Each structure stands twice: as structure tokens, then as C-alpha cells.
Amino acid sequence: MASQVVPHEEVVTLKHHFANDEQQLDASTIGMWVFLVTEIMFFGGLFLAYFAYRQAYPAAFASASNKTNLWLGAANTTVLICSSLTMAMAVHSASLGKRTLLVLFLILTLILGGVFLGVKAYEYHDKWVHHEVPGAHFDCEGCDDAGHAPLFFSLYFGMTGLHATHMLVGFVILSIIIVQASRGKFTAKWYTPVEMFGLYWHFVDIVWIFLFPLLYLIDRSHTGLK
Amino acid sequence: MITAPAPVKETKNYLNAQTGLKSWLLTGDHKRIAVMYLIVVTAFFALGGVFASLIRLELATPAGDLMESNQYNKVFTMHGVLMVFFFLIPSIPATLGNFLIPLMIGAKDLAFPKINLLSWYIYMLGGVFTLYVLLTGGVDTGWTFYTPFSTSYSNGYVVAAGLGIFINGFSAILTGLNFIVTIHRMRAPGLTWFRLPLFVWAHYATSAIMILGTPVVAVTLFLLVLERGLHIGFFDPAYGGDPVLFQHLFWFYSHPAVYIMILPSMGVISEVISTFSSKKPFGYTFIAFSSVAIAVFGFLVWGHHLFVAGQSIYAGLVFSILSYVVAIPSAIKVFNWAATMYKGRVRLETPMLYALGFIGLFTVGGLTGIFLSSLGMDVHLTDTYFVVAHFHYVMVGGALLGYLAGLHFWWPKIFGRMYSQVWSKVSAALVFVGFNLTFFPQFLLGYMGMPRRYHVYPPEFQVFNVLSSAGASVLALGLILPAIYLTWSLKHGAIASANPWGATGLEWQTSSPPISENFEVTPVVTTEAYDYSTVPQEVVHVG
Amino acid sequence: MTMEPKSFQLFPESASNFAPTVDGLYTYMVVVSAFFSLLVAFLIIFFAIKYRARPGQGVPKPVDEHSIGGMILEIAWSVIPLGLSLVMFAWGASIMFSESRPPKDAINIYVTGKRWMWKIQHMEGAREINELHVPVGRNVRLTMTSEDVIHDFFVPAFRTKADVLPGRYTTEWFRPTQVGTYHIFCAEYCGTKHSGMIGWVHVLSAEDYDKWLAQGSGEGSMAEGGESLFNQLGCANCHVKGGHGRAPNLYGAFGTKVDLSDGTSVRFDESYTRESILYPQAKIVAGYDKIMPTFKGLISDEGMLKLIEYIKSLGDPNGVVPGRNLPSEPSDIQKTGPMAAPMSETKAPATVSKTSAATGKQQ
């Protein structure tokens, strides 16, 4: 596939205001990391609220978190970790200039991301059916301290919702990158968008790695698995 | 040197490189984007100023005779929202910073020109939301949006206003991101960190606050909007939510945001004082690091806004002592600026007048901040006019005067024209006098106990309120003047040379206005910053 | 400080134990600030004149920062202000400490903020709106809550204020030192008529205060009101004396540490009482079941204060019985509670010695 590298494209990829490729790549990489820092702060506000309220209402949080579906959450965690692996493979393929493999791994990532979102949508639907969405219809059957239980679900929807929004945005960007990749836009020398998207995708994955234990796992010891 | 009534020979520069509206709206040139920001930022400032005038008019008498309470509350809210989020935060970074950082570091542009343009559009979108709020009836929560008032009781358009600020936040984030990457990676050969102008250091620290703080207020406002719309219970005690948590999250950003407003201004002042004293800033490294120190400590003092909000006294102690600590780097700067003038060659040009005014007013603003950091003192003073006076001394006396100093300093560079020296000095004097007359009486009012955000007040507070309103009209006049003579200068001002003030930065080594690519050849830096021995003597304008 | 005609003055009236010390700190800060402001202004003007540019003058030689003690100067102008401001910190902190610790012998008065009025309940039963009558020379403790948004109870003449929050209780205390009438302001923006949420504190002499209280309201004391609510809502069915019922004992419980079923403990205070009534399952006392229903929506904020006052009046183990500001007022609750009447407190005359009252010796 390396044979498909078209020489003249390398010239175009250097923007006019950069001195050289190295400077341009560095700028993109630093920029992406700085962006991820802002993302951490963005989620940070929600994590802070989670810890503050969990501290204040332990009973409500313990019982309400048992309402989440552990198995679906665990399955989704697996799906997401796999998608990070396929994404890493995609970046690796790009660095070798293997276009077909790149497209293949990107599509696999897209599919896994789609599965995640599908499962998430099912979970949301489930919560809706069981009146576990805060608001007028809220009715948490069997929750301890039901008066404070809506807070847990607000946080659950806020945190997973923000995460899912990031997944959706990633889904759209990934689709665009797949089209670009299949048209041979990326070469072994220049595949910065793939690399940057990889960082983003791993970040979103890592956020979930924190969300899963906090929302699904942490209070299971009270009631055991179910 | 100012050349006499010019034989207008247009040289090629970024302003005339392309023509037509489209060439501006789709530009990637940081200089053009800066000018676009300048225009809209000025418009928002004017709008905020109109609201300020309404406030002072209403408060000239104790009774509420100009407008209804509800209208008054909307007026001061819009004043705060427009001035804080749409003027003070973007003013220096988005205009002067945008224009100057690539020039100062010898780069052709910011690292991400398209993102730079995007951030302007995001700013405009946020502005449109806010103007929508304004036109459809306003919002009456105060710019601080305290819960549960904002979420459950306000009769204004909280959701639209919150979204406007939420969106606007991303503009600041992207600008900060762009600056950080640019300063890290785009410096000219030989331009090491400790050869950077202090303006760049200040913007580096500012950018760090923007990218770390703004997302927090964004998510906070997002939760606020959700709470208002869906009553999810986050900040509502009725669901066990904690209204004070909102205050923590809000001030975690909004206190550092004060430094977003003041740090760039300090950067401007360092440049101006140095140039008009023809001296390297005294204690360059202290000033540079004090910017970073302010950025770091600025994140640790948000709790001093909550001394009377039911926060534990031990938390209060920690926030109080940290607030004293954050004052130290500011004090260092003030003394260093004064020391820079020592044995210099001081020229009292307009930018220098503004800069000296800044030092005086910022000193008062900083020292009165010390009053509010003291727990026992704050209990009496917080939420009174003392606080209003304090933050206006910092925000107007500091941030706005710094902005005006910078605008007058770099105006010849940005537009290639000189403005009226006489009128600009008159304006600087009016602003200084008018400002003090407006806000000093408010310190006294505050200690007397007049609470802020009062539409109607007891008659014993009238004397100082009348003084304040009278001062406001002088201040307004002082601020309208620059709008006139600066606009006039665009067509009729004398043509400016490349370096009319005898300054040292790289931005003065290219033409005024600069060409689209900034420099004919990428400069190579071989000396320390502020080496005035390299400035040709004849360009130094003695006025 | 100055108490001259109201048309022009720089200090508000000084009418509480806090006022002189806050004014002292303020004066110290003004002097320090004025010194530094003038110093900076003098330096700038002096340098601007002395080193003004002259035609034909060359570029000034860079000043060797070491030759004029650059580092020493930097340290000096960092450390000296730091030292001066540490005094401000310590002074301010000590004021705050005394403000945050109401003396045990303080009169309890309950304040409920509601847009846009202050509703005040005295334990003896008197109620007032936007007016607060207090005796001169006695410690007064306000227990405050809000029915809607955040308010702030500010009395400039007393130099103190505190936020009034919905869903929890905050306190503020003072000892009026001057008979007179002073402003109450709401200092936290609360909506349309924020500036109309004002009132008056009337500081009365001891005799006038007793007379005023004696007018009463005809409703009986707050604790009595609380007791009838307690019975009406059926609390007494489970919360029986001695705690052998299905619910924990409330007699002598207020102010103690309560052990919870999850191994933690909590102080039995106003906020805990409120939470346990509205969210009974949030904190379960060790050894009891989760059987209490919620009373959310069934009790008004003022009713809640009465219940709290009643539970307080059931005694606390320190032997202090709050709710007995007037020694002369008999009440049936008094007989049931484990009484150790602190007569020294209730008899405290208006001229009570300042030091003993301020130190809160019963802590």
C-alpha cells in the first residue's frame, strides 16, 4: 500500500506559516494535549459534584447506584477498550502507510463506538421505563433515601451524557477521517489527523474507565452482584 | 518619526493585501482577526457602557424614579455580563494579544489560524445569544447567576444567557490554546523564553488560566441551564442539591477570570513603562514569574468569595491566607514598574499617561482587595459598594486602562497612523479624574453599609451616590473621546513610522502596518529583550 | 466612631461588640494602604519629573540591578508588605473566630428570609416582620433560614452579616451596645425587590425589652407550638422518652453526637434535625430501622423552626436549656425535660459584664 504515496501531497501538507514539518506536527500535538487538558477540567466539574454529593448522601448513592445495569456497563467497558485497541492499530497502520489496514481498523473502531452508543441508548431507555429519570415521573422503587436519589441519577445522566456526546462527536469525526483515509489523504509521512483523533478517542475511553467504577461498581458490595 | 501630512503612498500591508468583506470574514490572518475583534469588542463595551450610565443615572437619587426594580436588575445584570464576558475577558488577549504575539515572537501567524477565526465566530455566536436575551426582555440574575435564584425564581431568560456565556467560553479556550501552542513552538530562532517580551509572558499565564478555568465555568453554566430547564436538582435544596456548590464551581473559574482580565493588562504596562523610560523593566524575571505565580495562586483563592456563605471557618482561614499570598506577586510588579523609571528617560506620551494611571489605580484596587481578604473585615464589607468599588478599581482602573494604554501604544502599528497627541492626553486625564470621582466614593458608601445591587437606597447614602454619578459623566466623556480621535486618525492621522516610540520589540522592526506575512525575512534574535542601545536614536520622539 | 448628623459620615453607627474592633482593623488597613498608595504615587511622579527626557539625551545606561541591591529590593518589597498583611490576616481571623462562635448564653431568635421580607420569631412567641427587637448588652444569636433563595442578614451598625440559605441553618450573633434603631439590609441579591428587603433592629433597654416581650403574641412560645406540631404529626408515637420505642430518644439528645448505622456519626444540630424530618433515610441512627416516613411538604419552614425549638427544649446534656429566655414563663415542657435550670443565665441583667458574656465561658 505504501506505493500509493503520492509525492506532491507532501508539499501541500505544510501550512504556510510553519517553518517545517516537525514544527507543524509539534504544534498539532501540543495543541491536542492542551485541548485534552481543557476536557479534563470540563469533566472535572462533574466529578467534583459527584464526590461532594456522594459524601453528603452515601445511603442514597449506594442504593441508587445498584440500579445501574452492571453487566451492560461491563460489556460497554470491554467494547470501548477494544475500540481503543483498534484505534491504536489504525494509527500504527497509518504510520506504516498501509491504507487498507488503516481503513479497516478505523471502520472497526467506528463499529465498536456504535455498539457502545447503542448499548448506552438501551440503558437510557431502560431508566426511562423504570422511572429513574429525575423529574416529575421519578420513582425509584426500593431506593434508600429516595429523596436524594435523583441527585445520583442527575449525575449519572450528566456524566454519561457528556461522555456520550463526546462519543457522538468522535463518531462524526471518525466517519470523515474514514472517507479521507479511503481516498488516500494520509501518508506514512503525514497522518496527523489520524494521530490526533487517536488521542481524542483514547481520552474519551479513559473518561469511561473512571465513570464505570464510580457509577456502576463502587457500591455493589452492599448488595452483591445482580 | 511622524512624517508631515503624508504624500499618501500606500505600501502593501495586511490591511490592503486583499479587499472586500469576504476577505475579512474568511481570513486566517491573525492581524485581521484582531481588528475584527477590536470592532466587536468595542461595540460590546459601548453597550455595556450604556447600561452603566443607566445605573448611575438611576442611583443619583435614593428613590427608584427612572425605572422599575425589575428593569434596574436587568440593567445591572446586562452591564455585568457584557463587560465581564464580552469585553474584559477578550479585550486585550483577543485584540492586542492576537495581533502582537506572532509579531513579538517573529512568527508568521498563530499556530492554528483557522481555529483563531473559529474562535471569533464562536464569540459572535455567544454574543448573538446574549443580544437575543437583551432584545427579548433581559435577565435579572446578576452576572454571577447565583442559585437557586437563577434556576427557580428568576423571571429572565436565564437559559439563553447561560448558553451565550457557555458558547463564548469556548472562544476563550480556543484563543488560549492557540497562544500556548504558538508561544511554545513558533518562536523565532534565538528567541529563548527569557528573551520574550513580558507581554508574551503575561499572555502565556493568561492562556493557562483560560484553558484550565473556562471549561469549569462552562460545565457549571451547562448544569445551571439543565437545572433551570429540567429541574435536575443539582443546585436545588428541594432535592438535596447544594446552592453553595454552584458558588464554588462558579468562583473556581470566575476568580481566576479576574486574572484573565488583569494579567494581559500588566503585560501591556510592562511594555509601555519600559519603552517610555527607555529602560529594561526592573526585575524582568521577577515580573515574568510573578505572572505565572498569579496564574497558579489565582486558582487557590476562590473560597474568599464565600466567607459569609456558610463555609467552614477553617476553609475561610486557608482561603484568606492564600489571598494574601496572591497579592504578593502583584505588589512585586507595582514596585518593579516604579523602579523601571529610575534613571530612565521618561517621556509622558499618551500610552505612558495611561500606564501611570494604571499603576495608581491598580495599587488602590489591589490594596482594597487586601481588605476583603481579611475575614473579619470581609464580613462587614462583602456584598456592599466597597466590593463594587474594589473590583472596578481592578477591572476599569486596571484592565481597561491597560487596554487603553496598549491600544494607544500599538495603534500606529495596527493602523499605521498617529492620533492627536493633545486630545489623547486630555482623554487620559479625564478618564483618570472621572474614574476616581466615580468609584472612590463607593468605598466610603460600602463601609457605611450600602449593599450592592440596590435599586432604592436610604437617603443618607445620597451624597456619595451623587458624587459617583457626577464622576461617571466625566468618565464617559473621557471614554467617548478616544472613539472619536482614533476613528478620525484612520483617515487623517499622520503616517506612522515603523517604530514611532523608540521601542525594542520585534513588532517594531517590521513596517507599520505590517505586511501579511509579518516579516520580509524571519528575524533571528541575538540579544536580550529590551536592549535600548540597538534602537536608532533619531526615531525617539521627545514630546 | 463618628455619630454626627446623618448627612455626611464616614463610619456607620457603632452599636455592637464587634463594631469597635472592626473599625480598628479598618483604620489600620486604611493607614497602611494610604501609605503605600502615596509612596507609589510619589515615586512615579518624582521619577517622571526627575528623569524626564531631554532633547538630545542619549539612551540611558541600563541600571545594573545588583549595584542598587536588586535582589535585596525585591525581597524587601515582598517581605515588608507580607508582614504588614499578616497582621491584617491574624486580626481579621480573630474577629471571624469570635463571630462564628456564639456564646452559649445568647438569646435565640429565629429568622426566616422570604422574598422580600424578614420573618422573625422569638422563642417566647412574639413574631415580627422586618423588625427585630433586642435588648442592649445581651448576647443575641440568630438562627436563620430561607424559604426560597439565598438572602443575607446584614446590620451595618453591628458590622456583621451572614448568608441565609434555603434548606439549612446559619447563625449570626452580636451583642448590641447602644440603644437605638439600625438598618437591616438584605445583602445577597434576591430578585426584584431586593432593595426593599430591609428593616430595622430596635435595640431596647432591658426594661423596654421586657415590656415589649410581655405584649406577646398570644400564640404561646415556639416550643409550645413545636410540641403541638410534634403531637399533631404523630412524632410522639415512636419518639418516646427513653428511646425504647421504634425511634431514637429525643430527650436530652440535641447537641450530642449521634452514632449512625453506617459507622459514622453526626452532631445533633438544627440542620441534622431538619434533614432527618425531610429525608429520614439519609442518616439512620445505629440500631434503628428505616421506618420513618418523610414529612417533606407537610411542614412549613417556620413550623420546622418550632419543632427544632421544641426538640431543643427537651434538654441537652450540657445542662443548658435553651428556649428559656424569660425566667418567669412557666411551661409544661419544662417539667418533662431533664432540667438543670441555668438561672445565672436567664437572670442575666442588661448590664451583664462584657467579658464574661463575650467569652462564652460555658463552652
Side-chain angles (χ1 to χ4, degrees), chain A residues 15-20 22-53 55-57 59-61 64 133-138 145-159 161-162 165 196, chain B residues 28-30 102 107-115 169-170 173-174 176-182 184-186 188-189 207-208 210-223 226-227 230-236 238-242 244-246 248-249 252-253 516-518 522:
Chain A
K15 302 262 172 52
H16 77 103
H17 59 291
F18 288 108
N20 50 46
E22 187 205 3
Q23 189 188 34
Q24 174 165 292
L25 179 61
D26 272 9
S28 300
T29 312
I30 298 172
M32 196 63 207
W33 281 105
V34 171
F35 173 72
L36 295 182
V37 169
T38 71
E39 287 279 31
I40 289 172
M41 297 306 289
F42 201 72
F43 279 97
L46 282 171
F47 276 96
L48 182 88
Y50 173 88
F51 286 115
Y53 287 133
Q55 182 71 24
Y57 312 115
F61 271 56
V133 179
H137 304 288
F138 184 79
D145 191 13
H148 291 135
L151 273 180
F152 174 83
F153 289 104
S154 291
L155 279 161
Y156 169 83
F157 282 107
M159 295 167 100
L162 187 62
T165 310
M196 297 306 122
Chain B
D29 186 338
H30 66 104
K108 290 183 183 135
D109 206 322
L110 288 173
F112 309 113
K114 279 183 195 158
I115 289 179
F170 289 94
I173 291 174
L174 293 179
L177 186 151
N178 225 334
F179 285 177
I180 286 191
V181 175
T182 306
H184 264 283
R185 210 54 200 88
M186 309 286 284
S207 305
M210 281 174 163
I211 62 159
L212 292 174
T214 318
V216 178
V217 81
V219 78
T220 309
L221 287 170
F222 187 63
L223 290 174
L226 285 182
E227 173 87 59
L230 305 172
H231 294 287
I232 56 172
F234 251 91
F235 305 122
D236 189 348
Y239 293 96
D242 185 355
V244 180
L245 180 71
F246 174 83
H248 279 287
L249 289 170
F252 179 81
Y253 163 76
S516 290
E517 293 279 287
N518 290 349
T522 302

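This is a predicted model, so every value here is computed, not measured. So that the names make sense, note that chain A is the first sequence line, chain B the second, and so on, each numbered from 1.
- Looking at residues two or more places apart in sequence or on another chain, you find a salt bridge (Lys or Arg N to Asp or Glu O under 4.0 Å) between A:D26 and B:R185.
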Sequence neighbours left out, cut at 3.5 Å: what donor-acceptor pairs do the side chains of residues 29-49 of chain A make with other protein atoms?
from, atom 1, to, atom 2, distance (Å)
A:T29, OG1, A:L25, O, 2.7
A:T38, OG1, A:F35, O, 2.6
A:E39, OE1, A:H166, NE2, 2.8
A:E39, OE2, A:H166, NE2, 2.8

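- Atom CZ in A:F18 sits 10.5 Å away from atom NZ in B:K108 (nearest 0.5 Å).
- Of the atoms belonging to B:I180, it is side-chain heavy atoms, and not backbone ones, that fall under 4.5 Å from chain A.
- When all heavy atoms of A:H17 and B:A111 are compared, the closest pair comes out as NE2-O, 2.8 Å.
- Only the side chain of B:F170 has a heavy atom closer than 4.5 Å to any heavy atom of chain A.
- Looking at B:A107, there are no atoms closer than 4.5 Å to chain A (heavy atoms on both sides), in backbone or side chain.
- Counting heavy-atom pairs under 4.5 Å between each of B:A218, B:S207, B:P113, B:G28 and chain A puts B:P113 at the top.
- The candidate from B:F252, B:F234, B:Y253 with the greatest count of non-hydrogen atom pairs under 4.5 Å with chain A is B:F234.
- With a threshold of 4.5 angstrom between heavy atoms, B:E227 does not approach chain A through any atom at all.
- The line from CZ of A:F157 to CD1 of B:I232 is 11.0 Å long, rounded to the nearest 0.5 Å.
- The greatest number of non-hydrogen atom pairs below 4.5 Å with chain A, out of B:H184, B:M186, B:H231, is found for B:M186.
- Of the atoms belonging to B:D242, heavy atoms from both backbone and side chain fall under 4.5 Å from chain A.
- Of the atoms belonging to B:L249, it is side-chain heavy atoms, and not backbone ones, that fall under 4.5 Å from chain A.
- When heavy atoms are compared at a cutoff of 4.5 Å, B:L110 approaches chain A solely by way of its backbone atoms N, CA, C and O.
- For chain A, the option among B:T522, B:I173, B:N518, B:I211 with the highest count of heavy-atom pairs below 4.5 Å is B:I211.
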